[in-house]
Structure formats: structure tokens, C-alpha cells
Colleague: 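I have a structure I would like to understand better, so I am pasting it below and will then ask my questions one at a time.
Bear in mind the structure is a predicted one, so any value in this text is a computation, not a measurement.
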Amino acid sequence: MAHQSILAYARYRYLKLATVVLVAVVALYVWDRPPNGRYGGTWLGYTLGTIGALMILWLSWYGIRKRNYSSTAGMLQGWLSAHVYFGTILIVIATLHAAFKVGWNVHTLAYVLMLIVIFSGFYGVYAYLRFPREMTDNLGDDTLALLLIKITDLDRQARQLSLSLPDSISRLVLESAQGTQIGGSWVQQLRGRDPYCPTTAAVDGVQVVGRKLSGEQAKTNHQLYTFLLQKQELVARARRDVQLKAWMDLWLYCHVPLSIALLVALTIHIVSVFFYW
């Protein structure tokens with residue numbers, strides 16, 4: 001429920017506040033009729049630019065605020081809700097500040113970076129609302145550490161059973177225990193699966209070889225096959241957990257550097273404006 005209440009925090013308090021600010025800004029823009037036309041250098045242009053710059057700085061402060069657990073500056077959830085809504089209306093404020101005029105310059109660079117940061121933030125909201133719930137559903141009462149312990153225990157039991165079976169099965173079980181990876185490279189984490197998974201190969205191989213067995217070996221092989229199926233299911237859940245975390249981290253690793261780049265471009269934009277004023 002906590003992940004679903006960000007947008008509805010305090011009965012949509014920040015949606016209402018952001019809407020009031022947005023309506024006021026649009027109304028001022030429509031009302032203002034400068035003699036030389038609308039552009040960023042009018043009194044309204046400077047006003048909207050100042051508001052936009054202050055909002056960017058305030059929104060950037062969230063990254064520091066969420067790591068300051070001793071802060072008394074309000075609930076983190078409320079900050080996140082405000083971050084989402086005021087970040088969204090910043091698109092309109094910055095666009096009206098520029099009066100819909102863009103060019104090949106540092107000012108447009110700051111504007112484009114702002115849009116990229118905001119839209120990457122939209123993905124962050126999506127990830128925050130969806131992935132934690134999926135991670136909970138995937139793990140159930142387990143944790144990733146507990147899944148790994150269970151997998152290790154199944155490997156131990158499977159290797160003991162394979163000792164009384166043909167060497168081809170023993171090799172498959174050994175490769176499954178030693179070669180199965182959970183995580184791996186960044187691409188493998190994002191993909192969440194291994195098309196050449198040794199555990200999958202062991203499940204298929206044990207089933208094929210088991211058709212030629214009989215008596216006690218057939219029973220042992222069936223028990224081994226059951227253990228490998230259990231391991232396969234646990235491995236899939238562990239990889240899914242790693243995958244969801246990787247997708248959340250990927251957004252963060254993009255959003256934060258882009259936000260820093262935006263602050264740099266914004267600083268250059270402000271300095272250049274006052275330099276040529």
C-alpha cells in the first residue's frame with residue numbers, strides 16, 4: 001500500500017497545489033501582452049525562469065533529503081509526492097519561460113536536459129509503483145539470501161543422489177551446481193535469464209537419460225529430477241529478484257547523472273543570460 005500511495009499522498013495534496021500553481025502560471029502567460037512579443041527576457045519571462053530555476057534546485061534537493069534520515073523537513077513520502085507533481089508542471093513553466101522558442105544554444109540544452117530528467121523521473125515513478133510489489137510477490141516469505149541457501153542445499157542433495165547414477169548424469173548435476181549463475185554481468189541481470197543455464201540443461205538431460213534406467217536407479221533419478229525442478233524454480237525467482245533490482249538501479253544511475261548535468265547547464269544558462277543582459 002505504501003508504494004501505491006505516493007501519488008495520492010495526503011488526499012492528493014501536492015496534485016492540488018501543483019494544479020493551482022500551473023493554472024496561475026498559464027493565466028499570467030495568457031494575460032501578459034508585452035509590446036515586443038513574448039520571450040524569456042520580459043518581466044514574466046524572468047519571473048517564470050526564476051521560478052523554474054528555484055524549482056529545479058528544490059527538486060534536486062530531494063536526492064539529499066532522502067538520504068538524511070535525521071531531517072525534520074517533512075515525511076519522505078510527502079517529498080516524493082511533491083517531487084513528482086511539481087517536477088511535472090516544470091515542463092509547462094520552462095516552456096512558457098522560453099515562450100516556445102528554441103535554438104541551437106546552451107539555453108535549449110538546459111531545456112532538453114530538463115525534459116530528459118523529468119521523463120526519466122516518470123519511469124522512476126512507474127518503477128517505484130510496480131517493481132517493489134512484483135519483488136514482494138516473487139519472493140513471498142523468502143529473501144534472496146534464503147533462496148540462495150535453499151539452492152545450495154538442493155545442489156548438495158542432488159550431488160549425493162547422482163553418485164549412484166550414470167556418469168553422464170553426475171556431470172550434468174556437477175555442472176548445474178558449479179555453473180549456474182544468478183546475477184552476472186549488467187546485461188544478464190537486466191535480462192533475468194540465462195539461455196544456456198546449466199540447471200535447465202541438467203533438468204532436460206536427467207529426464208532423457210532417466211528413460212533408459214530401471215529399478216532403484218530409476219527411482220533415484222526421479223527423485224533427482226524433482227530436486228532439479230525445485231532448484232530451477234528457485235533460480236528463476238532469484239534471477240527475477242535481481243532483474244527487478246537491476247531495472248530500478250538502472251533508472252537511478254541514469255537519473256542522477258542527468259540531474260547533475262542539468263544543474264551544470266542551468267548554471268551556464270543563468271550566467272550567460274546575466275552576462276549578456
Colleague: With the side chain counted from C-beta on, respond yes when Phe274 and Ile270 share a heavy-atom pair under 4.5 Å apart, and no when they do not.
Modeller: yes

Colleague: What distance separates Thr200 OG1 from Asp194 CG, expressed to the nearest 0.5 Å?
Modeller: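 Reported to 0.5 Å precision, the distance equals 7.5 Å.
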
Colleague: Can you tell me how far apart CD1 (Ile56) and CE (Met114) are? Round to the nearest 0.5 Å.
Modeller: 6.5 Å

Colleague: Using 30° and 60° as the class boundaries, would you call the ring planes of Tyr14 and Tyr9 parallel, tilted or perpendicular?
Modeller: parallel

Colleague: Report yes if the side chains of Leu165 and Val209 come closer than 4.5 Å at any heavy-atom pair, otherwise no.
Modeller: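 Result no, sub-4.5 Å side-chain heavy-atom pair not found.
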
Colleague: Say you draw a straight line from CG of Leu90 to CD1 of Ile51; how long is it, rounded to the nearest 0.5 Å?
Modeller: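 So the CG of Leu90 and the CD1 of Ile51 are separated by 10.5 Å.
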
Colleague: Would you say the side-chain atoms of Arg133 pair up with the backbone N or O of Leu129, donor to acceptor, closer than 3.5 Å?
Modeller: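 Yes; at least one donor-acceptor contact below 3.5 Å.
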
Colleague: Start with the C-alpha distance between Leu263 and Leu57, add both sets of side-chain angles, then the distance that settles side chain to side chain contact (heavy atoms under 4.5 Å, CB included), and finish with yes or no.
Modeller: CA-CA 8 Å; Leu263 291 175; Leu57 293 175; 3.9 Å; yes

Colleague: Would Arg171 and Asp167 pass as an ion pair if we require N to O under 4.0 Å?
Modeller: no

Colleague: Ile169 and Leu213: side chain to side chain contact (heavy atoms under 4.5 Å, CB included), yes or no, with the steps?
Modeller: CA-CA 11 Å; Ile169 292 181; Leu213 302 178; 4.2 Å; yes

Colleague: What distance do Leu190 atom CG and Trp186 atom CH2 have between them, rounded to the nearest 0.5 Å?
Modeller: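 Between Leu190 CG and Trp186 CH2, I get 6.0 Å after rounding to 0.5 Å.
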
Colleague: Between Gln189 (side chain) and Gly184 (backbone), is there a donor-acceptor pair under 3.5 Å?
Modeller: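 At least one qualifying donor-acceptor pair exists.
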
Colleague: Report yes or no: do Gln217 and Asn221 form a side-chain donor-acceptor pair below 3.5 Å?
Modeller: no

Colleague: Could you report the tightest heavy-atom contact between Gly183 and Gln188, atom names first, then the distance?
Modeller: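 Nearest heavy atoms, Gly183 then Gln188: O-CB, 3.4 Å.
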
Colleague: Atom CZ of Phe227 and atom CG of Leu161: how far apart are they, to the nearest 0.5 Å?
Modeller: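 With rounding to 0.5 Å, CZ (Phe227) is 5.5 Å from CG (Leu161).
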
Colleague: Decide whether Leu48 and Trp43 are clustered together by the hydrophobic rule: side chain heavy atoms of Ile, Leu, Val, Met, Phe, Trp, Tyr closer than 4.5 Å, transitively.
Modeller: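 The answer is yes; both residues are in one hydrophobic cluster.
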
Colleague: Are Phe119 and Met55 linked, directly or through intermediate hydrophobic residues, by side-chain heavy-atom contacts shorter than 4.5 Å (ILVMFWY only)?
Modeller: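 Shared cluster, yes.
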
Colleague: Give a yes or no answer on whether the side chain of Arg13 reaches the backbone of Gly78 with a donor-acceptor pair at less than 3.5 Å.
Modeller: no

Colleague: Output yes when Asp153 and Lys150 qualify as a salt bridge under the 4.0 Å nitrogen-oxygen rule, no when they do not.
Modeller: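 Not counted as a salt bridge, because no side-chain N and carboxylate O are separated by less than 4.0 Å.
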
Colleague: With a sphere of 6.0 Å drawn around NZ of Lys101, does it hold more than 12 non-hydrogen atoms of other residues, nucleotides or ligands?
Modeller: yes

Colleague: Identify the two heavy atoms, one from Ser272 and one from His107, that lie closest to each other, and give their separation to 0.1 Å.
Modeller: OG-CE1, 3.2 Å

Colleague: Does Leu139 offer a backbone N or O that forms a donor-acceptor pair with the side chain of Arg237 under 3.5 Å?
Modeller: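 Between the backbone of Leu139 and the side chain of Arg237 there is a qualifying donor-acceptor contact (under 3.5 Å).
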
Colleague: Should Phe100 and Leu44 be regarded as members of a common hydrophobic cluster, given that ILVMFWY residues are connected when their side-chain heavy atoms come within less than 4.5 Å of each other, either directly or indirectly?
Modeller: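 The answer is yes; both residues are in one hydrophobic cluster.
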
Colleague: Over all heavy atoms of both residues, which pair between Leu262 and Ala110 is shortest? Give the atoms and the distance, please.
Modeller: CD1-O, 3.4 Å

Colleague: Is the closest side-chain donor-acceptor distance between Thr19 and Tyr85 under 3.5 Å?
Modeller: no

Colleague: Specify the closest pair of heavy atoms between Ala82 and Trp58, including all atoms of both residues, with the distance to one decimal.
Modeller: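 Where Ala82 meets Trp58 most closely, the heavy atoms are CB-CH2, 3.5 Å.
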
Colleague: So, does Arg193 use its side chain to make a donor-acceptor pair with the main chain of Ala236 at under 3.5 Å?
Modeller: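 No, because the side chain of Arg193 does not come within donor-acceptor range (under 3.5 Å) of the backbone of Ala236.
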
Colleague: So do Tyr111 and His269 actually touch side chain to side chain, heavy atoms under 4.5 Å?
Modeller: no

Colleague: Tell me, with the steps shown, if Thr180 and Arg239 meet side chain to side chain contact (heavy atoms under 4.5 Å, CB included).
Modeller: CA-CA 11 Å; Thr180 300; Arg239 284 176 175 159; 3.7 Å; yes

Colleague: When rounded to the nearest 0.5 angstrom, what is the spacing between CG in Leu15 and CG in Leu7?
Modeller: 9.0 Å

Colleague: Taking it one step at a time, do Ser170 and Leu163 satisfy side chain to side chain contact (heavy atoms under 4.5 Å, CB included)?
Modeller: CA-CA 7 Å; Ser170 296; Leu163 295 176; 5.5 Å; no

Colleague: Just wondering, do Tyr128 and Val125 contact through their side chains at under 4.5 Å, heavy atoms?
Modeller: no

Colleague: Can a donor-acceptor pair be found between the side chains of Asn105 and Thr108 at a distance below 3.5 Å?
Modeller: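 Per modelled atom types, Asn105 and Thr108 side chains form a pair under 3.5 Å.
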
Colleague: Is a side-chain N or O of Thr220 found less than 3.5 angstrom from the main chain of Glu216, in a donor-acceptor match?
Modeller: yes

Colleague: Locate the shortest heavy-atom distance separating Tyr46 from Gly41; write the atom from each residue and the value.
Modeller: CE1-O, 3.1 Å

Colleague: Work out which heavy atom in Leu228 is nearest to a heavy atom in Thr199; give both atom names and the distance.
Modeller: O-CG2, 4.2 Å

Colleague: Do Leu172 and Leu224 land in one hydrophobic cluster if side-chain heavy atoms of ILVMFWY residues count as linked below 4.5 Å?
Modeller: no

Colleague: Would you please test Asp241 and Lys245 for salt bridge (charged side-chain N to carboxylate O under 4.0 Å, His left out) and show each step?
Modeller: CA-CA 6 Å; Asp241 185 68; Lys245 290 178 181 177; 3.2 Å; yes

Colleague: Between Tyr126 and Tyr123, how do the two ring planes meet: parallel, tilted or perpendicular, split at 30° and 60°?
Modeller: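 Geometry flag for Tyr123 against Tyr126: tilted rings.
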
Colleague: Looking only at side chains, do Gln243 and Arg240 share a donor and an acceptor under 3.5 Å apart?
Modeller: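 Side chains of Gln243 and Arg240: pair found under 3.5 Å.
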
Colleague: List the steps and the verdict of salt bridge (charged side-chain N to carboxylate O under 4.0 Å, His left out) for Asp155 and Lys231.
Modeller: CA-CA 8 Å; Asp155 279 334; Lys231 178 187 175 182; 2.8 Å; yes

Colleague: Would a hydrophobic clustering, with Ile, Leu, Val, Met, Phe, Trp and Tyr connected at side-chain separations under 4.5 Å, put Val256 with Leu250?
Modeller: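 The answer is yes; both residues are in one hydrophobic cluster.
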
